[in-house]
Amino acid sequence: MHRRLRQGLEYDPWDERAAATAAAAAARGGGWRLVSAAVCERYPIVMPPPSAVEKKWWARVEERAAEVPGGAGRPMPDSFFVTDRELVTGVRPKTQDEVLAEAFTPAPLTTPADEAGDTKSLERALPKRLYLVVRRTPGGGWAFPQRLTGENETMRQSAEKALRAVMGPAPSVHFFGNAPCSHLAHVYPPAYQDKHDVYGVKVFFYRSQLVYSTPPTGSMPIRQAADHAWLTDAELPAYVSAEYHKAVSPFLFGP
């Protein structure tokens, strides 16, 4: 499989452009480099505010309930839930749900990390998903944790190793399936092709998610990287290239 991917044989041979690309890749001794990338996601910590569509839907539900003949669908009156004892004494004690509701305080949507613009902290953008990107060398480009795929390992195993290399063994992470969610085929400049005898690189993206019993706080220790950031989908274009973001944007679930 790795050999076929490097030669570009996964392209449709009836597509002239694909056939030309495959021929150009085969002309290089190294063909395509195969890279596996782990797109690690922190799920939203608090429920995001309802979208415009959700608000419109709930408004219509309330309108429809009021339109039903005879008042069907409207809330039951409090007297319906009064017991005989409460009718005699005239005292209705609060239910456990009412006590809990009075004591409940909604979590704030913004945190000190939001106010400070601390992109290394997991305790930010609580209603949104965050994605881990790293910069391997000072001044280098940003990307998801990734590595060259070894000959004796699957591409998913390579993605898992890439993520563990920067996160360590401690955090629990769940990968979604053995197939990549997307891929990027990048052709190297001619000078780079001549120097390294390779046509380009194919990056296969594997979606994963942090698993935790309590929401993560602060920043997570990251190793083997000069810098890192936990970013929302809207923030990614300012860090990664347009070509890179276009390849992953179809499976990045907003907000």
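- In this structure a side-chain-to-backbone donor-acceptor pair under 3.5 Å is present from R223 to A165.
- Side-chain contact check for L210 versus S172: every heavy-atom pair is 4.5 Å or farther apart.
- In summary, of the residues considered (L34, L148, T149), a side-chain contact (heavy atoms from CB on, under 4.5 Å) with S158 occurs for T149 alone.
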side-chain contact (heavy atoms from CB on, under 4.5 Å) between F204 and V35: does it pass, once the steps are laid out?
CA-CA 6 Å; F204 295 85; V35 170; over 6 Å; no
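- Side-chain contact check for E63 versus R60: some heavy-atom pair is nearer than 4.5 Å.
- A salt bridge is absent between D227 and R136: the closest approach of a Lys/Arg side-chain nitrogen to an acidic carboxylate oxygen does not fall below 4.0 angstrom.
- D114 places a side-chain N or O within 3.5 Å of a backbone atom of T111 that can act as its donor or acceptor partner.
- Geometrically, R156 does not engage Y206 in a cation-pi contact, judged by NZ or CZ lying under 6.0 Å from the ring centre and within 45° of the ring axis.
- Nearest heavy atom pair, residue A159 against residue A38, reads O-CB, 3.5 Å.
- A donor-acceptor distance shorter than 3.5 angstrom exists from the side chain of Q193 to the backbone of Y199, with no hydrogens or angles considered.
- Residues M167 and C40 approach most closely at SD-SG, 4.2 Å, considering heavy atoms.
- Atom CZ of R164 has more than 12 neighbouring heavy atoms from other residues, nucleotides or ligands inside a 6.0 Å radius.
- Proximity of the aromatic rings of Y244 and F205 is defined here by a centroid distance below 6.0 angstrom, and this criterion is met.
- With hydrophobic clusters built from ILVMFWY side chains whose heavy atoms lie under 4.5 angstrom apart, F176 does not share a cluster with F144.
- Using a 4.0 Å cut-off between a side-chain N of Lys or Arg and a carboxylate O of Asp or Glu, R147 and E160 do not qualify as a salt bridge.
- For the pair L130/T119, no side-chain contact is recorded, criterion being any heavy-atom separation below 4.5 Å from C-beta on.
- Atom OH of Y192 sits in a crowded spot, with more than 12 heavy atoms from other residues, nucleotides or ligands closer than 6.0 Å.
- For the residue pair Q146 and V203, the shortest heavy atom distance occurs at OE1-CG1, 3.9 Å.
- Using a 30° and 60° split on the angle between ring planes, Y188 and H186 fall in the perpendicular class, above 60°.
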Trace of the side-chain contact (heavy atoms from CB on, under 4.5 Å) decision for E102 with K94:
CA-CA 10 Å; E102 291 178 356; K94 293 181 179 179; 2.9 Å; yes
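- Contact of the F175 side chain with the L163 side chain is registered, since non-hydrogen atoms from C-beta on lie closer than 4.5 Å.
- Under a hydrophobic clustering in which Ile, Leu, Val, Met, Phe, Trp and Tyr are joined whenever their side-chain heavy atoms come within less than 4.5 Å, directly or via other members, M220 and Y212 fall into the same cluster.
- Counting only N and O atoms by type, the side chains of S121 and S219 include no donor and acceptor under 3.5 Å apart.
- A donor-acceptor contact shorter than 3.5 Å links the side chain of E54 to the backbone of S51.
- Considering every non-hydrogen atom in both K120 and W230, the closest pair reads O-CD1, 3.6 Å.
- In this structure, the side chains of K202 and R33 stay at 4.5 Å or more apart for every pair of heavy atoms.
- Taking the side chain as every heavy atom from C-beta outward, P127 and P44 never approach each other to under 4.5 Å.
- Residues R135 and H228 are not in side-chain contact: their nearest non-hydrogen atoms beyond the backbone lie 4.5 Å or more apart.
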side-chain contact (heavy atoms from CB on, under 4.5 Å) between V39 and F251, worked out
CA-CA 10 Å; V39 183; F251 68 88; 3.9 Å; yes
Kindly indicate, with the supporting measurements, whether the criterion side-chain contact (heavy atoms from CB on, under 4.5 Å) is fulfilled by F104 and L100.
CA-CA 6 Å; F104 174 74; L100 293 175; over 6 Å; no
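- Closest non-hydrogen pair, P93 versus E98, comes out as O-OE1, 4.4 Å.
- A donor-acceptor pair is defined here as one N or O able to donate and one able to accept, closer than 3.5 Å; no such pair exists between the side chain of E62 and the backbone of A59.
- D233 places none of its side-chain heavy atoms less than 4.5 Å from the side chain of K128.
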